[in-house]
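Structure record follows, encoded as structure tokens.
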2 protein chains.
Amino acid sequence: MALDNPTTQAAVTTADKVFEQILHAIVNGNIKAGSKISEPELAKNYQISRSTLREALNRLEKCHLIERKANVGSRVVECSIAGLLEIYVVREALEGMACRQAASNMTEDEIMEMKAMLKQHASAKALRDGVSYYQEEGDLDFHYKVILGSHNQQLINILCGQLYHLVRMYRCQFGMNSPRATKAFDEHSRIIEAIADRDGELAEILMRRHIAASRKNIENKIALQQ
Amino acid sequence: MALDNPTTQAAVTTADKVFEQILHAIVNGNIKAGSKISEPELAKNYQISRSTLREALNRLEKCHLIERKANVGSRVVECSIAGLLEIYVVREALEGMACRQAASNMTEDEIMEMKAMLKQHASAKALRDGVSYYQEEGDLDFHYKVILGSHNQQLINILCGQLYHLVRMYRCQFGMNSPRATKAFDEHSRIIEAIADRDGELAEILMRRHIAASRKNIENKIALQQ
DNA sequence: AAAATAAAAAGTGTCGACAATTTAGCTTTT
DNA sequence: AAAAGCTAAATTGTCGACACTTTTTATTTT
């Protein structure tokens, strides 16, 4: 699983470092979704004082990975189907717009970089063990690049700084929402084309379809199970 | 200026209360945009310890009202034209989607409530001193109701918990981005109609246009000044 | 006089202790 | 036996002090 997102900045303080450790523990499920967080216990685990642990918890709250109630404590967020679908709805809106902005704002260099990445993914897709690479880091790389290409700091913060932590958490723990490998690659190609053509309107439509397709894919799986 | 958003929960701890006070001070400019925040000074002002002040600062950071650098300190965010336009772009995407979801998810009661609100605004618009009411709380009320109507907790959190604090801050301090009173009212009416018709596609389009129109209004003003 | 260096002041990060609140377990009551 | 009330334990919130970093000021050097 891709561990970091492209906007993480160097962890200088100990609270930063512990934050990153707990972040990863939550994302890959070592600390279970929905579980209660005991400040004294965690502080002892990481061998820090409760104050700096609380500082770390504040950053986790900023990422929406834990929720806090006054005088009661913190819990790791739950992973539910409904929650996953909510995230897809937000992604459809935000990444669609990010894609539109990217078509206007990406530099030629950035676009070339994306094309190169796609080429690399194409070969990696064939080479590496089946589709696994493209199903994981490769897909995230693509989406991160588009988001950064928007050059809109608000979009970047919300998506990379918050939502994508949850995306990775769901991907790690649910498994059912990995990208549909074969189709996703083609869709990515067309999106890059639209960006390269500076066609923001089309780029947004394609990205929205791309994300909506994943969401519907999950909705179908759920419907079948019932 | 509408002081609170509909998702604020009761402030039980002293850090909560100080957070709210500083929030308001930043939003209406009593603490200036871009200014440095001195922890010892603020702690003395509010007569609390530095620890609980830092707790309050963490919440302000969550709202994107202050920014923090390790070992250096916190600053209130800057208000710039570019920043304002960025926010409009995000709002267009998120509120457009919220409006689409509202068309699916609002209860009949909620829709009736919105219609009643609009009627009240219509009379208030005529009565009160010109357009001022509708330019401020009235407009926010409408947008908040639509957002809540989406019944999507992620959307609600991002918009009410974060972005709208900035919206109110810009509105307070810039002034140039108040709603275009005469047109806004009609646009609101049509949006509610689309929601009542359960036409999510149209509702999204109308909301996006509504917000994009405000953004373009500002872009034009800027263009004229240069 | 300008630049570089060193010392001092101010500011942020971390710690351990105490206060206030919640939770758990026990006793009492019906 | 179930519910209510009470006591004790555990947990969270707040405080003041100390450690480390950054910034400012003063001094020296070129």
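Only heavy atoms go into these numbers, but all of them, side chains included; no hydrogens, no water, no symmetry mates. Each chain gets a letter, A, B and so on, in the order its sequence line appears, and its residues count up from 1.
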Whole-Å distance separating the [atom1] atom of [X] from the [atom2] atom of [N]:
{"X": "A:Lys69", "N": "D:dG13", "atom1": "NZ", "atom2": "C1'", "value": "17 Å"}
{"X": "B:Glu55", "N": "C:dT12", "atom1": "CD", "atom2": "C1'", "value": "16 Å"}
{"X": "A:Asn71", "N": "D:dT11", "atom1": "CG", "atom2": "P", "value": "14 Å"}
{"X": "B:Glu39", "N": "D:dG16", "atom1": "CD", "atom2": "C1'", "value": "15 Å"}
{"X": "B:Lys44", "N": "D:dT14", "atom1": "NZ", "atom2": "C1'", "value": "20 Å"}
{"X": "B:Asn58", "N": "D:dG13", "atom1": "CG", "atom2": "P", "value": "12 Å"}
{"X": "A:Glu61", "N": "D:dT12", "atom1": "CD", "atom2": "C1'", "value": "14 Å"}
{"X": "B:Ile66", "N": "C:dT12", "atom1": "CD1", "atom2": "P", "value": "11 Å"}

(message) With nearest nucleotide decided by heavy atoms, which residue, A:Gln47 or B:Gly73, maps closer to the 5′ end of DNA chain C?
(response)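 This one resolves to B:Gly73.
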(request) Check whether any side-chain N or O of A:Tyr144 sits under 3.5 Å from a backbone N or O of A:Thr7 as a donor-acceptor pair, and report yes or no. (result)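 Checking the backbone N and O of A:Thr7 against the side chain of A:Tyr144, no donor-acceptor pair under 3.5 Å is found.
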(request) Mark yes or no for whether A:Asn30, through its side chain, and A:Ile26, through its backbone, hold a donor-acceptor pair below 3.5 Å. (result)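 Not at all, since once roles are kept as given, no pair shorter than 3.5 Å links the two residues.
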(request) Under 4.0 Å between any heavy atoms, over every strand shown, what does A:Leu53 touch: base, sugar-phosphate, or nothing? Just pick one. (result)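 No contact at all - A:Leu53 keeps every heavy atom at 4.0 Å or more from the nucleic acid.
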(request) Describe the nucleic acid contact of B:Leu57 in one word from base, sugar-phosphate, nothing, applying a heavy-atom distance below 4.0 Å. (result)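 No contact.
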If you only use heavy atoms from C-beta on, which nucleotide in [options] is closest to the side chain of [X]?
{"X": "A:Arg50", "options": "C:dG13, C:dC15, D:dT12", "value": "D:dT12"}
{"X": "B:Thr52", "options": "C:dG13, C:dT21, D:dT14", "value": "D:dT14"}
{"X": "B:Lys36", "options": "D:dT14, D:dT21, C:dG11", "value": "C:dG11"}
{"X": "A:Arg54", "options": "D:dT14, C:dT12, C:dT21", "value": "D:dT14"}
{"X": "B:Arg68", "options": "D:dC15, C:dT14, C:dG13", "value": "C:dG13"}
{"X": "B:Ser38", "options": "C:dG11, C:dC15, C:dA17", "value": "C:dG11"}
{"X": "B:Ala70", "options": "C:dG16, C:dG13, C:dT22", "value": "C:dG13"}

(message) Counting only side-chain nitrogens and oxygens, does A:Thr13 get under 4.0 Å of the OP1 or OP2 atom of C:dT12?
(response)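 No, outside the criterion.
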(message) Any donor-acceptor pair under 3.5 Å linking the side-chain atoms of B:Gln101 with those of B:His151?
(response)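 No.
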(message) Do A:Asn58 and A:Arg68 pair up side chain to side chain, a donor and an acceptor below 3.5 Å, judged on atom types alone?
(response)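 Short answer, yes.
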(message) Please determine whether a side-chain nitrogen of the Lys or Arg among B:Glu204 and A:Arg208 lies less than 4.0 Å from a carboxylate oxygen of the Asp or Glu.
(response)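 A salt bridge links B:Glu204 with A:Arg208.
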(request) Give a yes or no on whether a donor-acceptor pair under 3.5 Å exists between the nucleobase atoms of D:dG16, that is its base, and the side chain of B:Ser51. (result)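 Yes, the side chain and the base share a sub-3.5 Å donor-acceptor pair.
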(message) Quick check: any donor-acceptor pair below 3.5 Å linking the side-chain of A:Thr14 to the base of C:dG13?
(response)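 Counting by modelled atom types and ignoring angles, no donor-acceptor contact under 3.5 Å is found here.
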(request) Please find out if less than 6.0 Å separates the ring center of B:His24 from that of B:His165. (result)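 Not under 6.0 Å, so no.
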